[in-house]
Number of protein chains: 2
Amino acid sequence: MKLTEAQWQIMNALWQNWPATARQIADRLGDEVDWAYTTIKTMLTRLVNKKCVKETKKGNTAVYEPLLTRQNARQNALKSLANQAFDGAFGPLMHFLIEDQKLSDKQKKELLQTLEQGGERN
Amino acid sequence: MKLTEAQWQIMNALWQNWPATARQIADRLGDEVDWAYTTIKTMLTRLVNKKCVKETKKGNTAVYEPLLTRQNARQNALKSLANQAFDGAFGPLMHFLIEDQKLSDKQKKELLQTLEQGGERN
DNA sequence: GAGTTGCTTTTACATTTGTAGAAGATTAGA
DNA sequence: TCTAATCTTCTACAAATGTAAAAGCAACTC
């Protein structure tokens with residue numbers, strides 16, 4: 001279930017709003033990338049094969065919708081990053097983010113808040 | 001500079017302690033993976049080509065050391081994850097981690113501490 | 001000095017990814 | 001109904017990745 005760079009872009013475009021046709025996705029991606037329409041089609045097909053996307057037909061035209069949720073994709077990505085690069089735990093990852101990514105004070109404050117909220121919710 | 005899964009494993013083994021020979025790396029990886037020695041050699045060579053690792057000769061034997069630091073690799077990985085999956089910012093990433101990864105109370109407490117410390121240091 | 005051991009370099013080959021052209025089917029317009 | 005615009009499916013091909021066997025060279029061991 002690991003997505004490649006290109007696949008993330010497609011998925012991001014799809015998550016933005018779906019169901020969507022290949023053309024719509026192509027349009028959404030228009031600014032960011034410079035892919036031929038068929039390239040996008042191919043990638044969609046491959047994502048369908050990987051069960052990340054579902055394809056249905058509306059007449060002649062294929063309509064796509066995500067099977068993999070953004071949530072899930074993010075979770076997987078983070079998990080695999082944690083595994084590969086941070087000894088499998090989120091702790092060190094977060095630690096690294098906080099210590100080394102030089103959060104702005106504002107960001108830190110927000111984080112603190114999030115943390116406290118989270119504490120109450122659980 | 002993006003590392004693949006397999007490359008992370010090699011690099012992790014190398015970061016553990018270096019300079020190291022291919023054999024040493026193979027031994028360290030022994031538990032985790034089941035690769036032929038030559039596979040490891042090949043991967044090291046490829047990492048050398050990508051300038052992630054430096055190779056020097058000690059007699060007949062190649063000795064490897066990282067050129068890419070773990071720090072840097074982590075940074076790159078996080079950055080690219082943030083870009084792909086979190087609209088390019090660390091904020092949302094962290095948010096996601098905290099909100100959706102269900103940190104244990106202990107983890108949360110640690111985090112709070114880290115945050116406060118960080119605050120003082122900066 | 002012949003064999004075993006261990007390293008190195010070379011070569012190979014399947015799969016996945018990035019990228020897309022070509023050709024065929026369909027639909028919307030003139 | 002002929003045509004232009006779109007879609008779709010098929011096919012292609014290079015680069016990267018995963019995985020390693022083969023063959024060659026050096027060194028230790030009898």
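Just so you know, these numbers come straight off a predicted model, no measurement behind them.
In the displayed structure, B:N49 atom CG is contacted under 6.0 Å by more than 12 heavy atoms of other residues, nucleotides or ligands. Within 6.0 Å of atom NZ in A:K50, more than 12 heavy atoms from other residues, nucleotides or ligands are found, so the atom counts as buried in its surroundings. Counting non-hydrogen atoms of neighbouring residues, nucleotides and ligands closer than 6.0 angstrom, the CH2 atom of A:W18 reaches no more than 12 such neighbours.
Clustering ILVMFWY residues whenever any of their side-chain heavy atoms sit less than 4.5 angstrom apart, transitively, puts A:V63 in a cluster other than the one holding A:I25. Hydrophobic clustering (ILVMFWY, side-chain heavy atoms < 4.5 Å, transitive): A:M11 and A:V33 are in one cluster.
As rounded to whole Å, 15 Å separates atom P of D:dA27 from atom NZ of B:K58. Note: NZ (A:K41) to P (D:dC7) measures 10 Å, nearest angstrom. One can place CD1 of B:I25 at 18 Å from P of C:dG6, the figure rounded to the nearest angstrom. Atom pair A:L29:CG and C:dG18:P shows a separation of 14 Å (rounding to whole Å applied). At whole-Å resolution of the value, CD in A:E55 and C1' in D:dT9 are 11 Å apart. Look at CG on B:L44: it is 13 Å from P on D:dG18, rounded to the nearest Å. Taking atom CD1 of residue A:I40 and atom P of nucleotide D:dC7, one finds them 12 Å apart after rounding to whole Å. Regarding A:E5, its CD atom lies at a distance of 16 Å from the C1' atom of D:dA15, rounded to whole Å.
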(request) Starting at the 5' end of nucleotides 20-30 of chain C, put B wherever the base has a protein heavy atom under 4.0 Å, S where only the sugar-phosphate does, and a dash everywhere else. (result) BBB---S----
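Across D:dT17, C:dC7, D:dT19, the shortest atom-to-atom separation from the side chain of B:K50 is found for D:dT17.
Remark: the B:R28 side chain and the B:N12 side chain contain no N/O donor-acceptor pair separated by less than 3.5 Å.
Counting only distance, with no hydrogens or angles, the side chain of B:Q75 and the backbone of B:N72 share no donor-acceptor pair below 3.5 Å. Within the 3.5 Å criterion, the main-chain N or O of A:I10 finds no donor-acceptor partner in the side chain of A:W15.
Using a 4.0 Å heavy-atom criterion, one finds that B:K57 contacts the sugar-phosphate atoms exclusively.
One axis for each end of the helix from C:dG1-D:dC30 to C:dA30-D:dT1, each built from five base pairs, and the angle between them comes to 10° at 10° resolution.
Side-chain contact between B:L47 and B:L68: absent, with no pair of heavy atoms (C-beta onward) separated by less than 4.5 Å.
Contact annotation: B:R23 reaches the phosphate of C:dC7 (side-chain N/O to OP1 or OP2, under 4.0 Å). Dashed line: the shortest gap from a side-chain N or O of B:Y37 to OP1 or OP2 of D:dT19 is not under 4.0 Å. Remark: B:T4 is in phosphate contact with D:dG18, judged by side-chain N or O atoms under 4.0 Å from OP1 or OP2.
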